[in-house]
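Structure first, commentary second.
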Amino acid sequence: MSSVVVPPRVDVVVLAYNHLADTLECLASLSHLTYPNQRVLVVDNGSSDGTADAIRAQFAHVQVLRLDHNIGFQGGANFGVQSSLDAGTDYVFLLSNDTTVQPNILDELMACAGPADVGLLAPKIYYFSDPHRIWSVGGDRHPLTLEMTRKGDNQLDRG
């Protein structure tokens with residue numbers, strides 16, 4: 001008898017504060033995710049442009065966590081991450097509402113998570129207006145000065 005292996009659950013937490021058109025475009029890209037065990041949550045950080053209602057109308061499968069007022073990016077992100085962890089998710093993928101993603105992004109990230117105890121994964125990030133130009137591929141911390149240096153900024157992606 002074979003047992004079905006359920007992949008780890010990934011909650012995609014989108015932080016939104018106004019910018020309704022960006023948020024809807026982000027959610028449209030997330031609706032094409034191919035990873036089989038994921039859910040999308042939007043933390044509406046006190047938007048005044050009808051964000052929560054528009055999401056509920058157009059993306060019924062998306063959970064909206066509405067805050068009464070803007071508690072800032074860090075506060076909203078912490079609220080969304082904690083809500084996901086309290087609901088039993090295995091991994092959290094945090095996004096700003098002005099991003100779009102490729103359908104296989106979670107598949108690729110989860111392939112890198114593997115059996116090892118991974119604390120953080122991040123994808124390459126490209127400029128929206130120039131999708132072959134890298135915005136960020138992460139960074140390094142100098143071992144003596146602890147200064148952060150970013151890698152790949154503003155370079156064309158050559159694979």
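Along the sequence shown, the residues carry numbers beginning at 1.
At a threshold of 4.5 Å between side-chain heavy atoms, the hydrophobic network of Ile, Leu, Val, Met, Phe, Trp and Tyr places L30 and L109 in one connected group. In the hydrophobic cluster analysis, where Ile, Leu, Val, Met, Phe, Trp and Tyr join through side-chain heavy atoms closer than 4.5 angstrom, F93 is grouped together with V64.
Considering only heavy atoms from C-beta on, F79 comes within 4.5 Å of L65 through its side chain. Residues L24 and F59 have side chains in contact (heavy-atom distance under 4.5 Å, counting atoms from C-beta outward). Counting only heavy atoms from C-beta outward, the side chains of N37 and V10 never approach each other to under 4.5 Å. Between V14 and S96, every side-chain heavy-atom pair lies at or beyond the 4.5 Å cut-off. Within the 4.5 Å cutoff, the side chain of T100 has heavy atoms near those of the E25 side chain. Residues L15 and L95 have side chains not in contact (no heavy-atom distance under 4.5 Å, counting atoms from C-beta outward). Using a 4.5 Å heavy-atom threshold, the side chains of V40 and Q63 count as separate. Within the 4.5 Å cutoff, the side chain of L41 has no heavy atoms near those of the V62 side chain.
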- request: I would like to know whether I125 and I134 meet side chain to side chain contact (heavy atoms under 4.5 Å, CB included); could you show each step before the answer?
  value: CA-CA 6 Å; I125 304 172; I134 296 171; over 6 Å; no

task: Applying side-chain hydrogen bond (donor to acceptor under 3.5 Å, both in side chains), run through S47 and D44 and close with a yes or a no.
output: CA-CA 6 Å; S47 296; D44 180 4; 2.6 Å; yes

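Judged by distance alone, the side chains of D22 and N97 never bring a donor and an acceptor atom under 3.5 Å apart. Inspection of the Q82 and D86 side chains reveals an N or O donor paired with an N or O acceptor under 3.5 Å.
Distance check: R56 CZ to T51 OG1 gives 10.5 Å after rounding to the nearest 0.5 Å. Separation of atoms OG1 (T34) and CD (E108) is listed at 8.5 Å; rounding is to 0.5 Å. One finds the OH atom of Y91 at 8.0 Å from the OH atom of Y35 (value rounded to the nearest 0.5 Å). A distance of 12.5 Å separates CZ in R133 from OH in Y126, rounded to the nearest 0.5 Å. For the atom pair CE of M110 and CG of N104, the computed distance is 14.0 Å after rounding to the nearest 0.5 Å.
Looking at every heavy atom in both residues, L33 comes nearest to Q102 through CD2-O, 4.0 Å. The heavy-atom pair separating A77 from L94 by the smallest distance is CB-CD2, 3.9 Å. In this structure, G80 and V43 approach most closely via the heavy-atom pair CA-CG2, 3.5 Å. Taking both residues in full, the closest heavy atoms of L20 and A54 are given as CD1-CB, 3.6 Å, listed atom of the first, atom of the second, then distance. When all heavy atoms of G76 and L67 are compared, the pair lying nearest together is CA-CD1, 4.5 Å. Minimum interatomic distance between P103 and H32 (heavy atoms only, all atoms of both residues): CB-O, 3.1 Å.
Of the charged side-chain nitrogens involved, at least one lies within less than 4.0 Å of a carboxylate oxygen, so that R39 and D11 count as a salt-bridged pair.
Judged purely by atom type and a 3.5 angstrom limit, T89 uses its side chain to pair as donor or acceptor with the backbone of R9. No donor-acceptor pair under 3.5 Å is formed between the side chain of N45 and the backbone N or O of Y17.
Atom CD of Q58 sits in a crowded spot, with more than 12 heavy atoms from other residues, nucleotides or ligands closer than 6.0 Å. Open room surrounds NE2 on H132; 12 or fewer heavy atoms of other groups in view lie less than 6.0 Å from it.
The side chain to side chain contact (heavy atoms under 4.5 Å, CB included) with S84 is formed by just one residue from the set D90, V13, V12; it is V13.
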